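Scope of the values below: all heavy atoms of this structure, side chains included, with no hydrogens, waters or symmetry mates. Proteins get letters first, then strands, A, B, ... in listed order; numbering begins at 1 in each. Since the structure is predicted, the reported quantities are computational estimates derived from the model, not experimental observations.
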2 protein chains.
Amino acid sequence: MSETKDKIVALADRLVRTKGFNAFSYKDISGPLEIKNAAVHYHFPAKADLGVEIVDQDVAKFIAQTNRWKSLPEEEQLVKLIDVFRRHSKEGNICLMGSLAPDFETLEPAMQAKVQEMANGILAWLSHCLEEGRKKKRIHFKGAAKTRALIIISNLQASLLLSRVMGPSAFRHIAEQLLDDLCHK
Amino acid sequence: MSETKDKIVALADRLVRTKGFNAFSYKDISGPLEIKNAAVHYHFPAKADLGVEIVDQDVAKFIAQTNRWKSLPEEEQLVKLIDVFRRHSKEGNICLMGSLAPDFETLEPAMQAKVQEMANGILAWLSHCLEEGRKKKRIHFKGAAKTRALIIISNLQASLLLSRVMGPSAFRHIAEQLLDDLCHK
DNA sequence: TTGTTTACTTACTACTAAGTAAGTATATTT
DNA sequence: AAATATACTTACTTAGTAGTAAGTAAACAA
């Protein structure tokens with residue numbers, strides 16, 4: 001991928017997380033990168049093409065990260081996951097899911113499919129992590145692993161949203177209590 | 001308030017929840033209501049005025065509802081709160097907070113303040129409900145009531161978002177497990 | 001050397017957005 | 001009956017938006 005194309009995706013990723021997919025325009029990209037509007041269209045003919053690329057790169061990054069954690073004990077993998085969200089919180093970013101889900105119905109089918117793919121991927125990984133952790137008595141929770149995974153993901157996602165409105169302490173409190181609930185039965 | 005003004009706010013409320021505040025336009029209102037664009041501007045000169053009214057009405061509705069629940073046992077008040085979200089889930093709506101939080105930084109200061117007011121109001125009510133419920137040994141949880149309230153709100157909010165992407169079962173599973181966690185220790 | 005591809009720019013189109021100024025019909029007040 | 005307020009419409013401006021057609025400079029390939 002060319003240097004410019006990389007820069008476009010990186011900036012667009014940040015714009016999606018800070019302003020929302022429908023709220024940023026190609027001008028928000030061409031301006032700071034000091035290229036013309038048409039140059040963005042050269043790399044990504046339609047905005048949905050850019051959106052798909054953003055989600056694809058995010059999914060790829062998630063898979064790469066979780067693969068690196070594979071040999072860690074499950075509760076530490078959980079801490080790593082929360083750390084990813086903590087970093088976003090510090091940068092004032094919300095997560096991609098939290099940004100794209102509200103606008104879901106306004107997205108093109110190709111993007112909708114990508115977002116669903118991302119959601120199912122994260123859910124599958126976390127379910128498996130929780131299940132294994134419970135087997136080894138390292139993680140403790142009631143109910144189905146998939147439901148618990150859903151709850152944790154929704155907590156992390158919404159905590160970034162709430163931090164926007166209520167300040168960064170919202171994320172800290174939620175993250176701390178979440179780990180306490182799961183690890184110190 | 002005039003009939004038209006009421007209709008505008010009701011439709012705009014639905015549009016915020018389905019498309020997002022920045023993604024709907026005055027045309028989405030004037031079209032279905034069969035009035036002109038300028039008629040909407042007559043009632044709400046700027047879009048932020050309409051946004052403030054939507055949040056105000058939602059806050060008023062929340063206060064009215066919680067007041068009606070006052071004499072109920074705390075765990076039943078909790079069920080009522082979850083039922084409000086369940087109704088939204090069934091109508092394909094997300095909650096106002098879930099819709100406005102991602103766009104928070106693009107909102108006018110007056111609207112930002114209203115959204116913060118709403119968030120703090122809901123948090124205060126739920127904290128108090130949990131605290132009282134714990135005192136009476138009707139609700140069981142670890143940690144500070146305010147943190148637990150934050151977790152529950154973030155769960156309900158995000159469960160509506162996730163339901164968009166993953167289907168309505170996401171909400172059902174989360175709501176069920178949430179109540180089980182709190183009420184059947 | 002000529003042709004082709006890459007990575008753009010210039011200069012536009014078509015459309016949509018929020019917002020406004022001025023006019024009008026109807027109801028209400030004085 | 002005259003003045004005023006209410007609830008609009010007509011017709012418009014300004015400022016974006018995504019997207020495109022055609023041209024260009026530089027690198028690369030045959």
Side-chain angles (χ1 to χ4, degrees), chain A residues 1-55 57 99-100 102-112 114, chain B residues 1-55 57 99-100 102-112 114:
Chain A
M1 201 156 27
S2 78
E3 210 186 306
T4 304
K5 199 170 178 181
D6 268 335
K7 280 185 193 167
I8 291 171
V9 178
L11 179 53
D13 182 87
R14 175 142 186 94
L15 286 165
V16 170
R17 293 175 198 267
T18 49
K19 300 185 72 175
F21 186 74
N22 290 320
F24 84 86
S25 82
Y26 274 27
K27 206 181 155 189
D28 296 322
I29 292 170
S30 58
L33 296 187
E34 288 174 299
I35 53 175
K36 297 295 139 135
N37 168 50
V40 187
H41 279 285
Y42 168 74
H43 290 288
F44 301 100
K47 205 180 172 185
D49 299 319
L50 178 52
V52 166
E53 181 65 30
I54 291 168
V55 179
Q57 285 202 16
S99 168
L100 295 174
D103 301 336
F104 191 72
E105 262 142 59
T106 71
L107 302 178
E108 297 231 327
M111 260 197 89
Q112 289 190 337
K114 279 285 161 200
Chain B
M1 204 158 20
S2 80
E3 211 184 304
T4 305
K5 199 171 176 180
D6 268 335
K7 282 185 191 164
I8 291 170
V9 178
L11 179 54
D13 182 88
R14 177 146 184 90
L15 286 166
V16 169
R17 292 174 199 269
T18 50
K19 300 185 72 177
F21 185 74
N22 289 320
F24 85 86
S25 81
Y26 274 27
K27 204 180 158 191
D28 296 321
I29 293 170
S30 57
L33 296 187
E34 287 175 301
I35 54 176
K36 296 295 139 130
N37 168 50
V40 187
H41 279 285
Y42 169 74
H43 290 289
F44 301 99
K47 204 180 174 187
D49 299 320
L50 177 53
V52 166
E53 182 66 31
I54 292 168
V55 179
Q57 286 200 16
S99 168
L100 295 175
D103 301 335
F104 191 72
E105 262 143 58
T106 71
L107 303 177
E108 296 232 326
M111 263 198 86
Q112 290 190 336
K114 281 285 162 199

Separation between [atom1] of [X] and [atom2] of [Y], rounded to the nearest 0.5 Å:
X	Y	atom1	atom2	answer
Glu53(B)	Asp6(B)	CD	CG	9.0 Å
Asp103(A)	Gln112(A)	CG	CD	11.0 Å
Glu3(B)	Ile8(B)	CD	CD1	11.5 Å

Atom [atom1] of [X] and atom [atom2] of [N]: how far apart are they, to the nearest Å?
X	N	atom1	atom2	result
Lys27(A)	dT17(D)	NZ	C1'	10 Å
Glu108(A)	dA18(D)	CD	C1'	11 Å
Tyr42(B)	dA5(D)	OH	P	12 Å
Phe24(A)	dG16(D)	CZ	P	17 Å
Tyr26(B)	dT13(D)	OH	P	21 Å
Phe44(B)	dC8(D)	CZ	C1'	15 Å

Throw together a table of side-chain donor-acceptor distances under 3.5 angstrom for residues 41-49 of chain B, partners on residues two or more places apart or in other chains.
{"residue": "His41(B)", "atom": "ND1", "partner": "Pro45(B)", "partner atom": "O", "Å": "2.8"}
{"residue": "Lys47(B)", "atom": "NZ", "partner": "Phe21(B)", "partner atom": "O", "Å": "2.7"}
{"residue": "Lys47(B)", "atom": "NZ", "partner": "Phe24(B)", "partner atom": "O", "Å": "2.7"}
{"residue": "Asp49(B)", "atom": "OD2", "partner": "Ala46(B)", "partner atom": "N", "Å": "2.9"}

Evaluation steps, side chain to side chain contact (heavy atoms under 4.5 Å, CB included), between Leu15(A) and Ile29(A): CA-CA 9 Å; Leu15(A) 286 165; Ile29(A) 292 170; 3.8 Å; yes

Can you sort out the partners of Glu108(B) under side-chain hydrogen bond (donor to acceptor under 3.5 Å, both in side chains), two or more places apart, ordered by chain and number? none

Under the side-chain contact (heavy atoms from CB on, under 4.5 Å) test, residues paired with Lys36(B) that sit two or more places apart: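 Not a single residue meets the side-chain contact (heavy atoms from CB on, under 4.5 Å) criterion with Lys36(B).
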
5'-most by nearest nucleotide on DNA chain D - Ala38(A) or Asp28(A): Asp28(A)

With the threshold set at under 4.0 Å for non-hydrogen atoms, list the residues of residues 29-37 of chain B touching DNA chain D in residue-number order. Ile35(B), Lys36(B)

Counted 5' to 3', the first and last nucleotides of DNA chain C within 4.0 Å (strictly under) of a heavy-atom of chain A are dT6(C) to dT10(C)

Listing request: all salt bridge (charged side-chain N to carboxylate O under 4.0 Å, His left out) pairs with a residue in residues 20-29 of chain A, at least two apart in sequence or in separate chains.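 Passing the test, one end in residues 20-29 of chain A: Lys19(A)-Asp28(A).
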
